Amino acid sequence: YQSIASLAGDATEALDILLRLRDEQDAEIPVKEFLPAAERTGMMIGIDRWVVEHSLRMLEERSQQNRPARLFLRLSDQSLTDKSLLPWLEKLLGGVFFSAGHLVFQIAEKSAEKYITDTRALAEGAHRLQCGFAIEHFGLGHNPLHTLGLIRHVDYIKIDGSLTAALASEEDKRETVQKFLGRAKELKIHTVAEKVEKPETMAVLYQLGIEYIQGNYVQEPDVVMADAKATPDAAG
């Protein structure tokens, strides 16, 4: 996981869940190697559901320890377009004993742009289940604000790291991000800056009014799941 820090006084711990895989020799396989293979073989739905189930387990443990957290879980295009996802989530969340609002599903902006109907259905379904919904890598599509306007029940937009990294040196990037933040404020959508690596970037983001930041400057990714060697087909 990687921490998401609040610049606006939100005391709830927020974590971005990241996926890693280990081979038979216990060596870590880079995401860029195993995820494309999983996509080609149609395994992403099973992997996504495995992550959701294990994240729920983590939330339950934290709830019992009185350590609430907000988890951001990214979903693949295969899950986004899977018509059985929402019924599965509804059944899975039916027996939870903590606030479902601590679970935030996130998809890439380019995926939202490509599958706008499925994205709207997922956002509305998440809202119905009292979960959050986020669009990550925001700012990379053809018309980000137009795409955002087509989707109801967006709780967070996560500004792509390629934009945040250039804020301190490129005026046009700063103006673009400022425009995004202004529109998000009008729509009452929370804002997160991705891949914040330098203190000067954080200083500019604070001046612009960003609410949350994540990146190695905040915290490098850390292991949280004790059974990290479990195989993804446990999702069923």
Side-chain angles (χ1 to χ4, degrees), residues 1-20 31 51-52 54-63 65-75 98-109 126 130-140 144 148 154-170 173-174 176-225 228:
Y1 69 91
Q2 186 172 51
S3 289
I4 300 174
S6 172
L7 298 181
D10 185 355
T12 301
E13 185 175 13
L15 305 170
D16 192 314
I17 299 300
L18 306 173
L19 187 63
R20 297 292 183 267
V31 173
V51 172
V52 171
H54 282 70
S55 297
L56 284 176
R57 191 177 305 167
M58 174 184 170
L59 283 177
E60 288 177 339
E61 292 174 355
R62 280 175 162 266
S63 179
Q65 299 166 0
N66 198 27
R67 296 171 56 221
R70 184 178 298 116
L71 302 187
F72 286 74
L73 310 181
R74 56 188 43 81
L75 296 175
F98 53 85
S99 172
H102 286 162
L103 201 61
V104 182
F105 297 106
Q106 59 185 4
I107 64 165
E109 185 214 329
Q130 297 184 328
C131 295
F133 183 78
I135 299 178
E136 65 173 347
H137 305 317
F138 192 84
L140 297 185
L148 183 64
V154 177
D155 299 290
Y156 301 85
I157 57 170
K158 300 177 75 175
I159 310 297
D160 188 72
S162 63
L163 294 174
T164 59
L167 287 177
S169 58
E170 299 183 32
K173 296 291 194 304
R174 190 154 58 246
T176 297
V177 171
Q178 195 164 23
K179 186 187 301 181
F180 292 161
L181 299 183
R183 183 58 177 151
K185 187 175 182 179
E186 291 175 1
L187 297 174
K188 297 182 180 180
I189 295 173
H190 299 294
T191 52
V192 185
E194 299 176 332
K195 295 185 178 179
V196 178
E197 309 292 338
K198 300 177 180 179
E200 55 265 33
T201 302
M202 190 190 75
V204 175
L205 288 166
Y206 182 79
Q207 291 173 357
L208 291 175
I210 200 82
E211 293 178 84
Y212 301 90
I213 59 173
Q214 70 178 97
N216 290 343
Y217 179 71
V218 178
Q219 182 198 41
E220 293 188 7
D222 197 5
V223 175
V224 68
M225 295 178 181

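These figures come from a predicted structure and were not determined experimentally. All residue numbers refer to positions in the sequence shown, counting from 1.
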Practice task
Could you go through the side-chain contact (heavy atoms from CB on, under 4.5 Å) check for E194 and E136 one step at a time?
Solution key: CA-CA 8 Å; E194 299 176 332; E136 65 173 347; 3.3 Å; yes
Exercise for the section: Could you grab the distance from atom OG of S162 to atom NZ of K173, nearest 0.5 Å is fine? Expected result: 7.5 Å
Completion exercise
Between L59 and A69 the two heavy atoms that sit nearest each other are CD2-O, 3.4 Å
Handout entry: Flag, side chain of S6 to backbone of A8, donor-acceptor distance under 3.5 Å
Key = yes
Problem - For the student: nearest non-hydrogen atoms of G132 and D155, plus distance - result: CA-OD2, 3.3 Å
Fill in the blank from the handout: Correct closest heavy-atom pair for I157 and F180 would be CD1-O, 4.3 Å
Problem - Reported CD1-to-CZ distance for the pair I107 and F105, which is rounded to 0.5 angstrom - result: 12.0 Å
Problem - Donor on one side chain, acceptor on other, Y1 and D16, under 3.5 Å - result: no
Practice task
Decide side-chain contact (heavy atoms from CB on, under 4.5 Å) for L148 and L187; before the verdict, give the C-alpha distance in whole Å, the side-chain angles of both, and the deciding distance to 0.1 Å.
Solution key: CA-CA 10 Å; L148 183 64; L187 297 174; 4.0 Å; yes
Practice task
For residues I210 and V192, determine if any side-chain heavy atom of one lies less than 4.5 Å from a side-chain heavy atom of the other.
Solution key: no
Practice task
State, without any angle test, whether E211 and H190 hold a side-chain donor-acceptor pair at a distance under 3.5 Å.
Solution key: yes
Exercise for the section: Test R174 against every option in L205, V204, L163 by the side chain to side chain contact (heavy atoms under 4.5 Å, CB included) rule and name the one that passes. Expected result: V204
Completion exercise
When rounded to the nearest 0.5 Å, the distance separating NZ of K179 from CG of L181 is 12.0 Å
Completion exercise
Output for pair (R67 CZ, T12 OG1), nearest 0.5 Å, gives 13.5 Å
Exercise for the section: Output yes when E60 and R57 qualify as a salt bridge under the 4.0 Å nitrogen-oxygen rule, no when they do not. Expected result: no
Exercise for the section: Mind running salt bridge (Lys or Arg N to Asp or Glu O under 4.0 Å) on E13 and R62 for me, showing each step along the way? Expected result: CA-CA 11 Å; E13 185 175 13; R62 280 175 162 266; 2.9 Å; yes
Problem - F133 ring center within less than 6.0 Å of Y156 ring center - result: no
Handout entry: Side chains of L167 and E200 in contact at under 4.5 Å (non-hydrogen atoms)
Key = no
Exercise for the section: Find the distance between OG1 (T191) and CG (L208) and round it off to the nearest 0.5 Å. Expected result: 9.5 Å
Practice task
Validate the cation-pi geometry between K158 and F72: distance from NZ or CZ to the six-membered ring centre under 6.0 Å, angle to the ring axis within 45°.
Solution key: yes
Practice task
Could you please spell out the steps behind the side-chain contact (heavy atoms from CB on, under 4.5 Å) verdict for Q2 and L15?
Solution key: CA-CA 5 Å; Q2 186 172 51; L15 305 170; over 6 Å; no
Practice task
Answer yes or no: is there a side-chain heavy-atom contact under 4.5 Å between V104 and C131?
Solution key: no
Handout entry: N-O pairing of D10 and R70 below 4.0 Å
Key = yes
Fill in the blank from the handout: Of all heavy-atom pairs linking L73 and S55, the shortest is CD2-OG, 3.2 Å
Practice task
For residues G139 and P144, report the shortest heavy-atom separation together with the two atoms involved.
Solution key: CA-CG, 3.8 Å
Exercise for the section: Apply the test side-chain contact (heavy atoms from CB on, under 4.5 Å) to residues I17 and V51: give CA-CA distance (whole Å), side-chain angles for both, the deciding distance (0.1 Å), then the verdict. Expected result: CA-CA 9 Å; I17 299 300; V51 172; 4.0 Å; yes
Fill in the blank from the handout: Taken to the nearest 0.5 Å, the spacing of H137 NE2 from R74 CZ works out to 6.0 Å
Practice task
Would you indicate whether the side-chain heavy atoms of V196 and Q214 approach each other to under 4.5 Å?
Solution key: no
Problem - Within-4.5 Å side-chain heavy-atom neighbours: I4 and I213 - result: no
